[in-house]
Amino acid sequence: MVSDKDTVYGIIRETIRQIPRGKVSTYGEIAKFSGFIGRARMVGYALRNSPTGMKLPWHRVVNSQGKISFRRSRHHAMQKTLLVKEGVTFKGEKINLAKHRWRP
DNA sequence: CTGGTGACCATTA
DNA sequence: TTAATGGCCACCA
C-alpha cells in the first residue's frame, strides 16, 4: 500500500537520483529541491531507509559544510573513496562545494 | 501523549 | 575551528 509518506520519500529519492557523476549536493538542498524546505532531516531518514538495491547515489549527498555525515564507520570511508573515484576533490575532510555543488 | 534520537541546518559564542 | 542551541519532523519505546 502507498501512503503520503512513501510519496515524500519517493520524491526525495528521485531528486537524489538526478545527481550526476562527479557532483554532490547537501541534505538541505535536496529537501529544498524536493519541495520540503527546512526538512533536511527527512532526506537523511529517507536514505537511511533505502535498501542497497535502491541503487541511489547516496554517496553524493553530504552535509552543508561539505563534510561526510557519518562518524567513524565503514560508510564514512567508503563514501569518500567513491567520491574521489568520481573525481570529487577533497580539501582535507571537506569537499570543495563551490566547485562540485549540483543544482537541478 | 511524552521523551529521546537522528546520514540536518543556521546562528551564535 | 569546534560546541552549544533551537528549529525541523518521522519514528520508536
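Order of the sequence lines sets the chain letters (A, B, ...), proteins ahead of strands, with each chain counted from 1. Given the structure is predicted, the values throughout are model-derived calculations rather than measurements.
- Taking the salt bridge (charged side-chain N to carboxylate O under 4.0 Å, His left out) definition, one finds that A:Lys32 meets it with A:Glu29, sequence neighbours left out.
- Every residue two or more places apart in sequence or in another chain that forms a side-chain contact (heavy atoms from CB on, under 4.5 Å) with A:Thr7 is listed here: A:Val2, A:Ile11.
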Mind listing the N/O atom pairs, protein and nucleotides 2-5 of chain C, below 3.5 Å?
none

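- Residue A:Met54 holds its CE atom at 9.5 Å from CG of A:Leu47, rounded to the nearest 0.5 Å.
- Under the side-chain hydrogen bond (donor to acceptor under 3.5 Å, both in side chains) criterion, no residue pair touches residues 17-28 of chain A, with sequence neighbours excluded.
- In this structure, A:Lys67 and A:Glu93 approach most closely via the heavy-atom pair CG-O, 3.8 Å.
- By the side-chain contact (heavy atoms from CB on, under 4.5 Å) test, A:Tyr45 is found to be paired with A:Tyr9, A:Asn49, residues two or more places apart in sequence or in another chain being considered.
- Residues A:Ser69 and A:Asn63 approach most closely at OG-CB, 3.4 Å, considering heavy atoms.
- With contacts defined as side-chain heavy-atom distances shorter than 4.5 Å, the pair A:Ile12/A:Met42 qualifies.
- Of all the residues in residues 85-104 of chain A, not one reaches under 4.0 Å from DNA chain B with any non-hydrogen atom.
- For the segment residues 50-62 of chain A, residues with any heavy atom less than 4.0 angstrom from an atom of DNA chain B are, sorted by number, A:Trp58.
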(message) So if I define the base as every atom that isn't primed, P, OP1 or OP2, how would nucleotides 7-13 of chain C read as a B/S/- string at a heavy-atom cutoff under 4.0 Å?
(response) BBBSS--
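- Residues A:Ile16 and A:Val61 share a closest heavy-atom pair of CG2-CG2, 4.1 Å.
- Note that the first and last nucleotides of DNA chain B, 5' to 3', having any atom under 4.0 angstrom from a heavy atom of chain A are B:dG6 to B:dA10.
- For residues 68-92 of chain A, the ring pair (Phe, Tyr, Trp, His ring centres under 6.0 Å) pairs, not counting sequence neighbours, are A:Phe70-A:His75.
- Rounding to the nearest 0.5 Å places CG of A:Leu56 at 9.5 Å from CD of A:Glu14.
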Can you give the donor-acceptor pairs under 3.5 Å from side chains of residues 82-89 of chain A to other protein atoms, not counting sequence neighbours?
unit_1  : atom_1 : unit_2   : atom_2 : d
A:Glu86 : OE1    : A:Gly22  : N      : 3.3
A:Glu86 : OE1    : A:Arg60  : NH1    : 2.8
A:Glu86 : OE2    : A:His59  : NE2    : 3.0
A:Glu86 : OE2    : A:Arg60  : NH1    : 2.5
A:Thr89 : OG1    : A:His100 : NE2    : 3.1

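- Using a 4.0 Å cutoff on non-hydrogen atoms, the parts of residues 18-36 of chain A near DNA chain B are A:Thr26, A:Tyr27, A:Gly28, ordered by number.
- For the side chain to side chain contact (heavy atoms under 4.5 Å, CB included) with A:Lys99, the qualifying choice from A:Asn96, A:Ile95, A:Leu97 is A:Asn96, the only one to do so.
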